[in-house]
Amino acid sequence: MEQLSKDRRIVRLEETESTNVYLKQLLREQQLEEGSMVITDFQTGGRGQMGNSWFSSKGENLLFSLLIYPQNVRANEQFIISRIASLAVKNTLDRFTDDIRIKWPNDIYWKEQKVAGMLIENDIEEKYITNSVIGIGINVNQQMFPPDLSNPVSLRQITGSIQDRDYILDIFQREFFLLYRDFQKGEIKVIEDEYMLDLYRVNGYYWYEDKNGRFMAEIDDVLPSGHLVLKTMDTEEERTYAFKEVAFINEPEN
């Protein structure tokens with residue numbers, strides 16, 4: 001079922017494989033307005049970053065994809081889109097609770113638990129992004145999760161109250177396009193600085209693990225490419241990591 005909302009085309013579905021997949025298929029078939037969205041109650045093949053799966057009970061959470069046409073964004077500087085989307089989700093959830101942080105690269109945490117995540121897929125021509133499909137999942141009202149998920153939490157579990165998904169979506173749209181307008185006006189440094197301030201574990205030394213083992217480090221920077229720069233505690237060596245090359249560790253090795 002489709003419906004129009006203001007000047008943005010919104011497609012609402014009871015069920016689909018993935019809102020990203022559905023939106024990208026629509027984009028192949030027709031020209032879509034910037035801000036077009038696909039929203040569903042259930043995904044049969046929800047995906048997260050780097051091939052991870054995304055589980056969500058039917059009708060309890062927010063599952064949607066948003067289309068934008070960012071101008072003059074080089075492929076090697078595409079992480080600005082992730083910063084905008086992550087900040088928009090964080091700013092939205094800040095309306096309901098404290099202790100919301102962005103866990104690099106693009107998960108949203110409440111304390112030590114994951115409340116939201118995203119998958120951003122960009123089309124590229126001649127080193128520039130032509131469009132971005134931003135898939136976002138927010139745990140809103142779900143109370144039971146599969147045991148193999150290590151640390152999920154929902155807004156209902158945090159607040160103790162059932163939340164209105166459409167209301168949360170409306171807040172997200174406002175927050176996203178406020179940040180997106182800042183980006184269009186060239187205020188990229190402001191967005192980068194805000195992202196850094198809101199990062200999970202941004203202050204202090206914590207345990208990490210890469211292919212060579214575990215070590216303590218602090219977050220030094222996140223580059224325009226999205227690479228994470230850590231500074232080790234013992235030698236102050238700067239190490240740069242792409243997605244999946246380093247893991248956050250809660251406990252030191254025994």
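Proximity of Ile81 to Ile134: side-chain heavy atoms (C-beta onward) are separated by under 4.5 Å at one or more points. Contact check for Lys114 versus Val153: no side-chain heavy atoms found under the 4.5 Å cut-off. Side-chain contact between Pro224 and Phe79 is absent, with no heavy atoms from C-beta onward closer than 4.5 Å. Within the 4.5 Å cutoff, the side chain of Leu155 has heavy atoms near those of the Leu93 side chain. Considering only heavy atoms from C-beta on, Glu209 stays 4.5 Å or farther from Val246 through its side chain. Using a 4.5 Å cut-off on side-chain heavy atoms (C-beta onward), Leu23 and Val11 make no contact. Contact of the Asn139 side chain with the Phe145 side chain is registered, since non-hydrogen atoms from C-beta on lie closer than 4.5 Å. Taking the side chain as every heavy atom from C-beta outward, Met196 and Val222 approach each other to under 4.5 Å.
The OG1 atom of Thr92 sits 10.0 Å away from atom CD of Gln173, with the distance rounded to the nearest 0.5 Å. Atom CG in Leu119 sits 5.0 Å away from atom CG in Asn20 (nearest 0.5 Å). Atom CG of residue Leu67 and atom OG of residue Ser36 lie 5.5 Å apart, to the nearest 0.5 angstrom. The CG atom of Asn141 lies 7.0 Å from the CD1 atom of Ile168; values are rounded to the nearest 0.5 Å. In this structure, CD1 in Ile191 is found 7.5 Å from CZ in Phe183, a value given to the nearest 0.5 Å. In this structure, Ser86 OG and Met118 CE are separated by 4.0 Å, a value rounded to the nearest 0.5 Å.
Under the 3.5 Å distance criterion, the side-chain polar atoms of Asp221 are left unmatched by any main-chain donor or acceptor of Leu223. For Ser225 (side chain) and Glu77 (main-chain N/O), no donor-acceptor pair under 3.5 Å exists by modelled atom type. Between the side chain of Asp198 and the backbone N or O of Ile102, no donor-acceptor pair lies under 3.5 Å. Proximity of a side-chain donor or acceptor of Gln157 to a complementary backbone N or O of Gln143 within less than 3.5 Å is detected. Proximity of a side-chain donor or acceptor of Asn91 to a complementary backbone N or O of Leu87 within less than 3.5 Å is detected. In this structure, the side chain of Ser154 engages the main chain of Gln142 through a donor-acceptor pair within 3.5 Å. The backbone N or O of Val140 lies less than 3.5 Å from a partner atom in the side chain of Asn61, making a donor-acceptor pair. Glu236 places no side-chain N or O within 3.5 Å of a backbone atom of Asp234 that could act as its donor or acceptor partner. For the pair Gln113 (side chain) and Pro152 (backbone), a donor-acceptor distance under 3.5 Å is present.
Across all their heavy atoms, Ile120 and Ala85 have their closest contact at CD1-CB, 4.4 Å. Considering every non-hydrogen atom in both Leu179 and Ala88, the closest pair reads CD1-N, 3.6 Å. Between Asp41 and Glu14, the shortest heavy-atom distance links the atoms CB-O, 3.4 Å. Residue Ala75 comes nearest to Gln78 through the heavy atom pair O-NE2, 2.6 Å, listed as atom of the first residue, atom of the second, then distance. Closest heavy-atom contact between Trp110 and Val115: N-CG1, 4.3 Å. Taking all atoms of both residues into account, the shortest heavy-atom contact from Phe64 to Ile39 is CB-CG1, 3.9 Å.
Taking a 6.0 Å sphere around CD of Glu29, one finds it holds more than 12 heavy atoms contributed by other residues, nucleotides or ligands. Counting non-hydrogen atoms of other residues, nucleotides and ligands closer than 6.0 Å to CD1 of Ile162 gives a total of 12 or fewer.
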Show, in sequence, the C-alpha distance, side-chain angles and deciding distance for Arg101 and Glu112, and conclude whether the side-chain contact (heavy atoms from CB on, under 4.5 Å) test is met. CA-CA 9 Å; Arg101 309 294 287 181; Glu112 295 295 325; over 6 Å; no
Ile171 vs Leu169, side-chain contact (heavy atoms from CB on, under 4.5 Å): CA-CA, chis, key distance, verdict: CA-CA 5 Å; Ile171 296 172; Leu169 183 63; over 6 Å; no
Arg214 and Ile249: CA distance, side-chain angles, deciding distance, side-chain contact (heavy atoms from CB on, under 4.5 Å) verdict: CA-CA 8 Å; Arg214 298 189 178 194; Ile249 302 297; 3.4 Å; yes
Would you sort out whether Phe172 and Leu66 count as a side-chain contact (heavy atoms from CB on, under 4.5 Å), showing the intermediate values? CA-CA 11 Å; Phe172 168 81; Leu66 169 69; 4.3 Å; yes
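In this structure, Leu228 is a member of the same hydrophobic cluster as Phe243, with clusters built from ILVMFWY side-chain heavy atoms closer than 4.5 Å. Neither Met37 nor Leu178 shares a network with the other; the hydrophobic side chains, linked directly or stepwise wherever heavy atoms of I, L, V, M, F, W or Y lie under 4.5 Å apart, form separate groups for each. In this structure, Tyr241 is not a member of the same hydrophobic cluster as Val229, with clusters built from ILVMFWY side-chain heavy atoms closer than 4.5 Å.
A side-chain donor-acceptor contact under 3.5 Å links Gln25 and Arg28. A donor-acceptor pair shorter than 3.5 Å cannot be found between the side chains of Tyr128 and Asn72. With no hydrogens or angles considered, no side-chain donor-acceptor pair links Asp123 and Thr130 at under 3.5 Å. Tyr109 and Asn151 form a side-chain donor-acceptor contact under 3.5 Å, judged by distance and modelled atom types alone. With 3.5 Å as the limit, one finds a donor-acceptor pair spanning the side chains of Asn122 and Ser132. In the model, Gln43 has a side-chain atom that pairs as donor or acceptor with a side-chain atom of Thr19 under 3.5 Å. When only modelled atom types and interatomic distance are considered, Tyr180 and Glu34 share a side-chain donor-acceptor pair under 3.5 Å.
Annotation: cation-pi geometry satisfied between Arg83 and Tyr195 (NZ/CZ under 6.0 angstrom from ring centroid, within 45° of ring axis). Arg239 forms a cation-pi arrangement with Phe215, by the criterion of a distance under 6.0 Å to the ring centre and an angle within 45° of the ring axis.
The pair Glu33-Arg9 does not count as a salt bridge, with every side-chain nitrogen at least 4.0 angstrom from each carboxylate oxygen. Note on Asp170 versus Arg165: no salt bridge recorded, every NZ/NE/NH1/NH2 to OD/OE distance being 4.0 Å or above. One finds no salt bridge joining Asp98 and Lys111 here, because no Lys/Arg side-chain nitrogen approaches an Asp/Glu carboxylate oxygen to under 4.0 Å. A salt bridge links Asp193 with Lys189: at least one charged nitrogen is closer than 4.0 Å to a carboxylate oxygen. Ion pairing between a basic and an acidic side chain is recognised when a charged N comes within 4.0 Å of a carboxylate O; Lys24 and Glu121 show such pairing.
Partner of Leu230 under the side-chain contact (heavy atoms from CB on, under 4.5 Å) criterion, chosen from Ile219, Thr240, Asp220: Ile219.
For Gln163, the side-chain hydrogen bond (donor to acceptor under 3.5 Å, both in side chains) test picks out Thr159, with sequence neighbours left out.
When ring centroids are compared, Tyr208 and Phe248 come within the 6.0 Å threshold.
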